[in-house]
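No hydrogens, no waters, no symmetry mates; every other heavy atom, side chains included, goes into these values. Quick note on labels: first sequence line is chain A, next is B, and so on, each numbered from 1.
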2 protein chains.
Amino acid sequence: MATLDQKITRKERERQEREEKILELARTMLREVGYLGLSMDRIAAEMEYSKGTIYQHFCNKEEIILALANEALEKRLEMFEAAATWSGAETSRDRMAAIGAAAEEFVERYPQHFSVEQIVRSSSIWEKTSEERRQFMQVCEGRCMAIVSGVVREALAQGDLELPAGRSVEDLVFGLWSLNFGAYTIITSSEALEEIGIADPIAALRQSQNFMLDGYRWRPLSSEHDFNETFDQVKREVFGNG
Amino acid sequence: MATLDQKITRKERERQEREEKILELARTMLREVGYLGLSMDRIAAEMEYSKGTIYQHFCNKEEIILALANEALEKRLEMFEAAATWSGAETSRDRMAAIGAAAEEFVERYPQHFSVEQIVRSSSIWEKTSEERRQFMQVCEGRCMAIVSGVVREALAQGDLELPAGRSVEDLVFGLWSLNFGAYTIITSSEALEEIGIADPIAALRQSQNFMLDGYRWRPLSSEHDFNETFDQVKREVFGNG
DNA sequence: TCAAAAAGTGACGACTTGTCAATAATGGAG
DNA sequence: CTCCATTATTGACAAGTCGTCACTTTTTGA
């Protein structure tokens, strides 16, 4: 019985290892030749397995892409969690800034992860993928939202922030989310940003974010505290980025 | 000589008409079956021309996509211009709000145009397309920026706004751009926005925008003036949207 | 040892995009 | 009106996709 169990797990382990290898290959392929260049034939050839075997792991190309996107979301969730529980935060707005720093770090450290997210959002991959994986994605997205919402709620509870009539916590989070997602998308896809006068888009993003929260009157305001310093501190202390 | 000229122009006119028809077909195709479903074969079949002829107009699929994207940019530029010269603006911030309304109207009225823009930004179409068309795109983008920047500069000149140290006009514009682009991307690609607590994303976007500009201390602040009313007014008066 | 079950294979059909020799239409010149 | 050069149009073709499934090989447990 023990040997049987062991053999099952060995098989299972091999399967998982192979799956990981497929994803690894797909990741680098995606980075080097883009979504359209990603080919099942080539994956099979480089894996030295037949196509049929690859299709036993992922029933189509889109499933692979979505699996990569899910990895990305998981990674970011992890980073957001680390930022939200940062011990160096003195105020609720510090904590919010920490999450901003996490978002920044995520894109810088895993640009290909971010680009997968973009692909999933623009190409109509959805229809072809399994319900299961789609759901996983929504769960991740929801949990990410929940972390940020949690910080906002903390601010409300502590009296650092009051929402205007008719606005929900999620509306604020949506604003931040949009700003960040849009900024990174433009940054990674516009070649000549400098030419049209945007020398340091990351700094511009930080500023916009700060001013948006200032607009919400989330205290301390950016005029009362240097959140740029907080950003850099988080990137050093939490993510070990000197 | 007259007849010769006429014949040349007749030929040329026919060519252009056909080109327009190709783009029209591609547009609807893109809307109905997405980027991946857009097929040169099908375009040729539906045009009742051979593939070779289609390829004489656009030397690859990506050129068609980019041509559509350029149409979109032109359209938006037009709408931005209309908004920026709106006669009903009482303050510089009114004028800025008018542009926000134009952006909103653009996405609502031409959703497929917006989706083309997203496709161009995420898929790596760039490499395959002609320098000419790429340049056109950048010019449009630059002119769009220039319109918005113009309004910001007007505000600076009139003393309605002062920029913080180290920030340029373009940084502010970049913030607005990111916020809008990000928000519309998320809106059009996230199915279950309501489920995660974002009931009215457009309202949330307006709010975020207003608060961001409040953060910049662009007077009158949103607490001193109802810009929601301005948005709706512009959509009625400039774009005839009741 | 051996048969049944599981795993792996790759030729295949149906689709792409983009090319290019061959064919058809056109437009002056005589 | 004829005729030929130029230009426009064609569609078979090469080379590449994706996903399938009858087949072969390996594994497994009795």
Going by side-chain hydrogen bond (donor to acceptor under 3.5 Å, both in side chains), name the pairs with one or both residues in residues 172-185 of chain A, residues two or more places apart or in two chains.
none
Residues at least two apart in sequence or cross-chain that pass side chain to side chain donor-acceptor pair (under 3.5 Å) with E14(A), listed by chain then number, are R10(A)
Give me the residues of residues 15-24 of chain B where at least one heavy atom lies under 4.0 Å from an atom of DNA chain D, by number, or none.
R18(B)
Salt bridge (Lys or Arg N to Asp or Glu O under 4.0 Å) partners of R134(A), counting only residues at least two apart
E131(A)
How would you summarise protein contacts on nucleotides 10-21 of chain C per nucleotide, using B for base, S for sugar-phosphate only and - for none, with heavy-atom distances below 4.0 Å?
B-----SBBB--
Please name all residues satisfying ring pair (Phe, Tyr, Trp, His ring centres under 6.0 Å) with Y49(B), sequence neighbours left out, ordered by chain then number.
none
To the nearest angstrom, how far is Q56(B) atom CD from dT7(D) atom C1'?
9 Å
T28(B): side chain to side chain donor-acceptor pair (under 3.5 Å) partners, not counting sequence neighbours
none
Atom CD1 of I54(A) to atom P of dG8(C): distance rounded to whole Å?
10 Å
Rounded to whole Å, CG of L36(A) lies from P of dC18(D) at a distance of 11 Å
Applying side chain to side chain contact (heavy atoms under 4.5 Å, CB included) to R153(B) and not counting sequence neighbours gives S149(B), V169(B), E170(B)
Return the polar atom pairs (N/O with N/O) between nucleotides 25-27 of chain D and the protein under 3.5 Å, or none.
none

Side-chain donor-acceptor pairs under 3.5 Å in residues 64-75 of chain B, sequence neighbours left out?
residue	atom	partner	partner atom	Å
N70(B)	ND2	R133(B)	O	3.4
E71(B)	OE1	R27(B)	NH1	2.3
E71(B)	OE2	R27(B)	NH1	3.4
K75(B)	NZ	E78(B)	OE2	3.3

Sequence neighbours excluded, which residues qualify as ring pair (Phe, Tyr, Trp, His ring centres under 6.0 Å) partners of H113(A)?
Y110(A)
Enumerate donor-acceptor pairs with a distance under 3.5 Å from any side-chain N or O in residues 31-40 of chain B to protein atoms, sequence neighbours excluded.
residue	atom	partner	partner atom	Å
Y35(B)	OH	E62(B)	OE2	3.4
S39(B)	OG	D41(B)	N	3.2
S39(B)	OG	R42(B)	N	3.0

When rounded to whole Å, the CD to C1' distance for the pair E12(A) and dA7(C) reads 14 Å
For T188(A) and R121(B), which I'm curious about, is there any donor-acceptor pair between the side chains at under 3.5 Å?
no
